[in-house]
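Here is how names work: the chains are called A, B, and so on, in the same order as the sequence lines, proteins then strands, and each is numbered from 1.
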Amino acid sequence: MSNFKDKVLEVVKNIPRGKTLTYSRVAKLAGRPKAYRAVGNILNKNYDPKIPCHKVVKSNGKIGGYNRGVNKKIKLLLKEGVSLKYLRPQRKI
DNA sequence: CGTATGACGTGCA
DNA sequence: GTGCACGCCATAC
């Protein structure tokens with residue numbers, strides 16, 4: 001099943017600039033719609049500078065997490081020009 | 001090989 | 001809208 005990991009990384013790597021995907025979406029594209037949990041695990045342990053894992057957010061509208069700090073994730077997303085929709089931990093923006 | 005873990009998701013109170 | 005519990009899957013140890 002190592003293919004799943006590679007596929008997930010591939011999918012995340014293939015995310016266009018300024019776009020975002022949810023964990024469930026990535027899992028589906030990777031071929032395991034119900035492995036969204038594994039997706040988070042893989043990204044968490046296999047972070048690569050060439051893989052924009054910061055473009056992967058939760059499906060409930062939250063940011064999710066980041067192995068390097070959510071703050072960095074938010075900053076990167078803002079730099080990419082991603083919709084602030086995912087960038088509201090609270091507050092009514 | 002078996003157990004524990006986790007950057008999730010959905011349902012229900 | 002918030003909080004708790006269950007489910008589900010691959011990876012790491």
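Residue A:Lys7 contributes atom NZ, which lies 15 Å from atom C1' of C:dA10 at whole-angstrom precision. Rounded to whole Å, the distance from NZ on A:Lys62 to C1' on B:dG9 is 12 Å. As rounded to whole Å, 12 Å separates atom C1' of C:dA10 from atom CG of A:Asn3. As a whole-Å value, the separation of A:Leu76 CG from B:dA7 P is 18 Å. Taking atom CG on A:Asn67 and atom C1' on C:dT11, their separation rounds to 15 Å, with Å as the unit. Between the C1' atom of C:dA12 and the NZ atom of A:Lys45 lies a distance of 5 Å, rounded to the nearest Å. If you measure from atom CZ of A:Arg25 to atom C1' of B:dT10, you get 17 Å, rounded to the nearest angstrom. In this structure, A:Lys28 places its NZ atom 12 Å from P of B:dT10, rounding to the nearest Å.
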Close N/O contacts between protein and nucleotides 2-4 of chain B (under 3.5 Å):
none

Short heteroatom pairs, N/O only, protein and nucleotides 3-7 of chain C, under 3.5 Å:
unit_1, atom_1, unit_2, atom_2, d
C:dG7, O6, A:Arg37, NH2, 2.2
C:dG7, N1, A:Arg37, NH2, 2.3

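Out of B:dG9, C:dA12, B:dA7, the shortest distance to the side chain of A:Thr22 is found at B:dG9. Picking from B:dA7, C:dC9, B:dG9 the nucleotide with the shortest atom distance to the side chain of A:Lys73 gives B:dA7. In this structure, the nucleotide among B:dG9, B:dG6, C:dT11 sitting nearest to the side chain of A:Asn44 is B:dG6. Of the candidates B:dA7, C:dA10, C:dC9, C:dA10 carries the atom nearest the A:Ile42 side chain, counting heavy atoms from C-beta on. Of all nucleotides listed (C:dC9, B:dG9, B:dA7), B:dG9 comes nearest to the side chain of A:Asn60.
Here A:Ala38 lies in heavy-atom contact (under 4.0 Å) with a base. Residue A:Leu43 is classed as a base contact, given a heavy-atom separation below 4.0 Å to a base.
Inter-residue side-chain proximity for A:Val70 and A:Ile74 is flagged as met; some heavy-atom pair is nearer than 4.5 Å.
Scanning for salt bridge (charged side-chain N to carboxylate O under 4.0 Å, His left out) contacts around A:Lys55 gives A:Glu80, with sequence neighbours left out. Residues satisfying the side-chain contact (heavy atoms from CB on, under 4.5 Å) criterion with A:Tyr23, sequence neighbours excluded, are A:Tyr36, A:Val39, A:Leu43, A:Val56, A:Lys58, A:Lys73. Applying the side chain to side chain donor-acceptor pair (under 3.5 Å) rule to A:Thr20 yields no partners; only residues at least two apart in sequence or on another chain are considered.
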Pair A:Val8, A:Asn46 - check side chain to side chain contact (heavy atoms under 4.5 Å, CB included), show working. CA-CA 11 Å; A:Val8 170; A:Asn46 289 93; over 6 Å; no
Please determine whether side chain to side chain contact (heavy atoms under 4.5 Å, CB included) holds for the pair A:Lys72 and A:Lys75, giving the CA-CA distance in whole Å, both sets of side-chain angles, and the decisive distance to 0.1 Å. CA-CA 5 Å; A:Lys72 194 92 177 197; A:Lys75 239 177 168 185; 5.6 Å; no
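Heavy-atom minimum distance, A:Arg25 versus A:Leu21: CG-CD2, 3.6 Å. Taking both residues in full, the closest heavy atoms of A:Ala30 and A:Phe4 are given as CB-CE1, 3.6 Å, listed atom of the first, atom of the second, then distance.
Pairs passing the ring-ring contact (aromatic ring centres under 6.0 Å, His included) check and including a residue from residues 48-73 of chain A, sequence neighbours excluded, read A:Tyr47-A:Tyr66.
Below the 3.5 angstrom threshold, one finds no donor paired with an acceptor across the side chain of A:Tyr66 and the base of B:dA7.
In this model, the phosphate group of C:dA10 is not approached by any side-chain N or O of A:Asn41 to a distance below 4.0 Å at OP1 or OP2.
Taken from SG in A:Cys53 to CZ in A:Arg68, the straight-line distance is 9.5 Å, to the nearest 0.5 Å.
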